[in-house]
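Following: one structure in structure tokens, then a few remarks.
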Amino acid sequence: MVQAQNMILRIALPTPLRRLFDYLPPQPIDPTSLISGIRVRVPFQTRTLVGILVEVVKETSVPLEKLKTALELLDKEPIFSEDIYQLCQWSASYYHYALGEVLAGALPVALRKGKPAEIKKKPVSIEGEREHPPELNPAQQEAITKIGDANEAFRVFLLDGVTGSGKTEVYLHAIADILAKDKQVLVLVPEISLTPQTIARFQARFQVPVIALHSSLSETERLQAWLLARSGEAKVVIGTRSAVFTPFQRLGLIIVDEEHDTSFKQQDRFRYHARDLAVMRASINQIPVVLGSATPSLESLLNVKRERYIYLSLPERAGTAQLPQYHLLDVRHLPMEEGLSSVLLESMRSHLQQGNQVMLFLNRRGFAPVLYCTQCAWIAACKRCDTRMVYHRTPPRLQCHHCDARREIPARCGECGEAALQPVGIGTQRLEDALQKYFPDVPIIRVDRDNTRRKGAMQNLLEQINENNSAILLGTQMLAKGHHFPHVTLVGVVDADSGLFSVDFRAAEQMGQLLLQVAGRAGRAEKPGTVLIQTRHPEHPLLQTLIQHGYSHFAATLLMEREQAVLPPFSHFAVFRAESYAEQHAAHFLSAIKEICTASAGAVTLLGPVPALIAKRKGVYCQHLLVKADRRGTLQHLLKNVLQHIEKLSPGHSVKWVLDVDPVEVV
DNA sequence: AGCACGCCGACT
DNA sequence: GTCGGCGTGCTC
């Protein structure tokens, strides 16, 4: 230990190195300005970085000659409030990510770069006519009362309500109660549902400043929004997962809408789950949090069962709207044309004739998923990935859906040279073509990533849908989430089977959620909805349970299966993901990690290293090592231990790796 | 992660 | 001769 005359600044820096760095204070210095949580500009090797002062210490194990002097203190007040700082610290330790990177990630880019935290804009204007709350049904009333009873204490509510049961109305009332106490509210939503309408609805209701944190905000706008929330001027903040780190003056309530949605889990770098962090944040702030969904995650349902969460249920559809009718169509025994059974086509025709809209759901974009040679069985593959290229017709080309590589459509087979190439299988483009033939007089509106990529394109399509009376809407998952289509009376699921036999143990849960969400688009307003599900396995017990007994039975069945198989949420997973250009390097690195795991004590199961489901992506080989433990504590303990060893292991630059705690996708 | 240093191959 | 390829090592 080196004794230093003065104070030493212990600073968290935005680098993947999982440690803090010590600096001497800048000269001259007023010691009282050294407050934890302020930003400090420091030299770091050849660069200068903006870090966060974590603590001021008297001793350091770093040799004095290595200590550099900090350049500048950037704040007079801490940029991190106590609650956000605690949340970041907890996240860094739970997800085993470098604290400096977590802290930097929690700030708007402008602040990360060292720009001053000053409010420039005038307060946000309030637009729109005041909208008055409608009458509540007893279930809604009860939910609101229970949330209100939580009154300034940490409580987690699971609000389970089918689509159209009036979840949003419960949110709005709960928010109104909080606003009346002059507190603020954070609303987290999946990316897809953050539309202008959502924001307008909140604004019209409360006539208070509502701020939305979109992905399309500029960095200055984002900084201003952040500052308005921190100062308390913004009363309601609606945002996607990163909004969980927004600072507030007086936060009174957090709402997580569509809590089952996997887009709350960040899938690169810092792999946090915004829903889980929202619960953590509510606990830190000692406030209630409401998790809402028509199809709650098994994790949340288990927490209800274990009495950690309070269950609130909205069993019926609000108003006069009726629940949709489900029918399974056994496509093995029906005449098929372009993936559509005669029964589905006939049903579409009759709904369209009555001036209603029909929605078809097919989770596969492009024209055909495979281009196949009928002579030699060659299949067009991506050169950089371990995948098939998807045949697109408009514009005509082959496209890899994993690395976005594009190629011209070959005239002849790449193997035998015969001109016997055939697009096999059905994507949304092909279905669109077919529908145009069957229904030449009906507008067909396709919604998938290929035609919503441009800014405002989605909005445009949604408007087109609402303008038309009878129309066919056709799309991928995008269509299933968040949007309301009041004129849709028939929903067709073109292929429900992909979720039934997947290698991913969560596939069934996600299939069930998606089928329910898709169905939720139909039968709004006074028009009852019908859902036709095409399958080759109509006898499948999970499908049967879902259709006959509804989601809660379905979820209970899945929970039972998970318990028997000791899968999450009855056990806890973490995955080391490694990638390298040389095929063996990633696997070798993971094997080394596996040895360290085996050597450490603790009841964990190790699986792998195994090649990822898509073993090669963008030219790099991907390998996984799965770590499974019965208890969360055991897993956390082991991971902490292992990471300390990895620092010494130093895999070199040939292997890139990440640790994914609570992965949503294990394969 | 970045970024510099360092040691080998083909270029004005 | 030197420009630049990426292996290796370090960051208070």
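In what follows, every chain begins at residue 1, and chains take the letters A, B, ... in the order their sequences are listed.
- Across all strands shown, Phe44(A) has heavy atoms under 4.0 Å from base atoms, whether or not it also approaches the sugar-phosphate.
- In summary, the aromatic rings of His401(A) and His392(A) are positioned with their centroids under 6.0 Å apart.
- Atoms CZ (Arg47(A)) and P (dT11(C)) sit 13 Å apart, rounded to a whole Å.
- Note: Phe270(A) and Tyr95(A) have perpendicular aromatic rings, judged against thresholds of 30 and 60 degrees for the angle between ring planes.
- In this structure, Glu101(A) places its CD atom 11 Å from C1' of dG2(B), rounding to the nearest Å.
- Per the geometry, OH belonging to Tyr581(A) stands 15 Å off C1' belonging to dG7(C), to the nearest Å.
- Classified by interplanar angle (parallel below 30°, tilted 30° to 60°, perpendicular above 60°), the ring pair Phe245(A)/Tyr272(A) is perpendicular.
- The distance from atom CZ of Arg19(A) to atom C1' of dA1(B) is 13 Å, rounded to the nearest whole Å.
- Looking at heavy-atom distances under 4.0 Å, Thr46(A) makes contact with sugar-phosphate atoms alone, never a base.
- With dG2(B), dT11(C), dC12(C) as the choices, the nucleotide that has an atom nearest any side-chain atom of His653(A) turns out to be dG2(B).
- Atom CZ of Phe21(A) and atom C1' of dA1(B) are 11 Å apart (whole Å).
- Atom pair Leu9(A):CG and dC12(C):P shows a separation of 14 Å (rounding to whole Å applied).
- Here the rule is side-chain contact (heavy atoms from CB on, under 4.5 Å) with Leu626(A), and of Val610(A), Asp660(A), Leu607(A) only Leu607(A) fits it.
- Here Pro43(A) lies in heavy-atom contact (under 4.0 Å) with sugar-phosphate atoms only.
- Between Ser300(A) and Glu259(A), the side chains place a donor N or O and an acceptor N or O closer than 3.5 Å (distance only, hydrogens not considered).
- Phosphate contact (OP1/OP2 of dC12(C), side-chain N/O of Lys68(A), threshold under 4.0 Å): present.
- We find that CD of Gln45(A) is positioned 4 Å from C1' of dT11(C), with the value rounded to whole Å.
- When the nucleotides dA1(B), dC12(C), dC10(C) are ranked by their closest atom to the side chain of Leu17(A), dA1(B) comes out on top.
- Between Glu59(A) atom CD and dC12(C) atom C1' there is a gap of 16 Å when expressed in whole angstrom units.
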